[in-house]
Amino acid sequence: MQNVKIIDHPLVQHKISLMRDINTGTKEFRELASETAMLMCYEATRDLPLKTVEIQTPVAVAKSRIISGKKLAFVPVLRAGLAMTDGIVQLLPAAKVGHIGIFRDPETTNAVEYYCKLPSDVSERDVIITDIMLATGVTSVKTIDILKKAGVKNIKLMCIIASPQGIEAVNKAYPDVEIYCGAVDEGLNDQNYIVPGLGDAGDRIFGTK
Ligand code: URA
């Protein structure tokens with residue numbers, strides 16, 4: 001069985017449709033990526049443990065629940081993953097943020113790491129990777145390799161659109177990594193773009209095309 005959770009909430013689906021639209025401009029696209037990630041994070045953090053504390057309200061003492069010190073880190077994959085992290089750090093401001101830069105060598109098709117800066121205590125944290133598009137899965141698998149080598153035990157991968165090939169590649173290499181996505185599209189074209197997808201997520205976020 002595949003380790004993937006599709007977040008079919010109407011708000012997520014609506015925002016993904018707006019992101020797909022070729023007429024959606026850079027500013028709106030970036031805001032939508034951030035908002036969609038924020039909504040998806042609600043599901044991806046559903047298993048955070050809680051503890052009960054006593055809180056004085058203006059009326060009485062309430063036994064109420066708070067997140068019980070679970071340490072989290074977000075790791076956006078450069079460039080596109082950055083726009084997702086903008087949204088989720090608003091929900092979890094205590095989480096630390098690492099960055100990983102990887103490109104896919106068009107000749108060898110290997111993933112090449114060009115930047116990596118992780119929180120110094122990353123091995124004690126649960127990590128949620130953010131990457132808008134899970135296409136071939138090569139970049140995601142390499143990102144997970146790096147995090148596992150750094151000692152991270154619990155990793156989730158959050159992407160907005162996935163291809164069946166990407167899901168299969170990540171599940172095969174790392175069956176323990178849960179994938180959260182908003183849509184699984186038809187597949188990849190000969191340039192490894194997701195079809196129908198939303199185009200080049202980095203270009204659409206940063207207006208570089
Ligand atoms: N990366 C993108 O930005 N878009 C795709 O369709 C695939 C990979």
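Just so you know, ligand 1 is whichever comes first in the structure, and atom 1 is the first atom listed for that ligand.
- Counted within 6.0 Å of CD on Gln2, heavy atoms from surrounding residues, nucleotides or ligands total more than 12; the atom is thus considered enclosed.
- The backbone N or O of Gly197 lies less than 3.5 Å from a partner atom in the side chain of Arg20, making a donor-acceptor pair.
- Heavy atoms of other residues, nucleotides or ligands lying less than 6.0 angstrom from CD1 of Ile22 number 12 at most.
- Between Leu147 atom CG and Ile155 atom CD1 the span is 5.0 Å, to the nearest 0.5 Å.
- Close approach of ligand 1 to Tyr193 (heavy-atom distance below 4.0 Å) involves ligand atoms 4 (N), 5 (C), 6 (O), 7 (C).
- Contact analysis puts Asn192 in contact with ligand 1, with a non-hydrogen atom separation below 4.0 angstrom.
- Listed by atom number, the atoms of ligand 1 under 4.0 Å from Ala201 heavy atoms are 2 (C), 3 (O).
- Within the 4.0 Å heavy-atom shell around ligand 1 one does not find Ser163.
- Taking every heavy atom of Gly199 and a limit of under 4.0 angstrom, the matching atoms of ligand 1 come to 2 (C), 3 (O), 4 (N), 5 (C), 6 (O).
- Less than 4.0 angstrom separates some heavy atom of Ile194 from each of these atoms of ligand 1: 5 (C), 6 (O), 7 (C).
- Between the OG atom in Ser34 and the CD atom in Glu31 there is a gap of 8.0 Å [rounded to 0.5 Å].
- Judged by distance alone, the side chain of Thr45 and the main-chain N or O of Leu48 form no donor-acceptor pair under 3.5 Å.
- Proximity to Ala135 (heavy-atom distance under 4.0 Å) selects the following atoms of ligand 1: 7 (C), 8 (C).
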